[in-house]
Amino acid sequence: MTNMTRKPNVRRGEQGHGEPYLGVFIGAAGLVALGIGAAADLGWLDIVGGIVAALGLIASFGINHATVEKGMYGRLDKLDGNK
């Protein structure tokens, strides 16, 4: 199987759900900032790190819903005959 015939299968398949990790990486950066702020006793860095970590977590859930779950639930509804 050549690379050109493999690409459409990956886009339509259930593999390759790496997009939600963008939010995870943002949240991880916030947690690192939170840890550095706590160790250095910098209150402002604690607050910013906590906010960035929370936004990363929320973004991860939102991206997961938009990229993975939305298409999956659409296909399940078609199988059930609801649409």
Side-chain angles (χ1 to χ4, degrees):
M1 183 178 275
T2 65
N3 193 20
M4 294 301 287
T5 58
R6 215 177 1 212
K7 279 186 180 180
N9 292 335
V10 170
R11 289 185 182 162
R12 280 180 270 178
E14 292 299 323
Q15 58 272 53
H17 299 310
E19 292 91 359
Y21 282 112
L22 176 64
V24 171
F25 292 140
I26 292 170
L31 289 175
V32 168
L34 180 67
I36 291 171
D41 199 25
L42 297 172
W44 66 270
L45 191 57
D46 291 339
I47 295 170
V48 170
I51 291 171
V52 170
L55 289 176
L57 180 66
I58 293 169
S60 177
F61 289 135
I63 293 169
N64 185 42
H65 177 70
T67 59
V68 178
E69 294 173 355
K70 189 174 180 182
M72 182 175 58
Y73 288 134
R75 289 190 301 273
L76 287 174
D77 284 342
K78 285 180 185 178
L79 285 174
D80 287 340
N82 295 336
K83 287 193 173 188

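What you see is a predicted model, and the numbers here were worked out from it, not measured in a lab.
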S.K.: For Leu22, check side chain to side chain contact (heavy atoms under 4.5 Å, CB included) against everything at least two apart and list the hits.
M.R.: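 So Leu22 forms a side chain to side chain contact (heavy atoms under 4.5 Å, CB included) with Ile26, Ile63.
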S.K.: Donor-acceptor pairs are to be reported for all side-chain atoms of residues 30-52 against protein atoms at under 3.5 Å, with residues two or more places apart or in another chain.
M.R.:
{"unit_1": "Asp46", "atom_1": "OD1", "unit_2": "Ala38", "atom_2": "N", "d": "2.7"}

S.K.: Please give me the minimum heavy-atom distance between Ser60 and Pro20, naming the atom from each residue.
M.R.: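 So the two residues come closest at OG-O, 3.3 Å.
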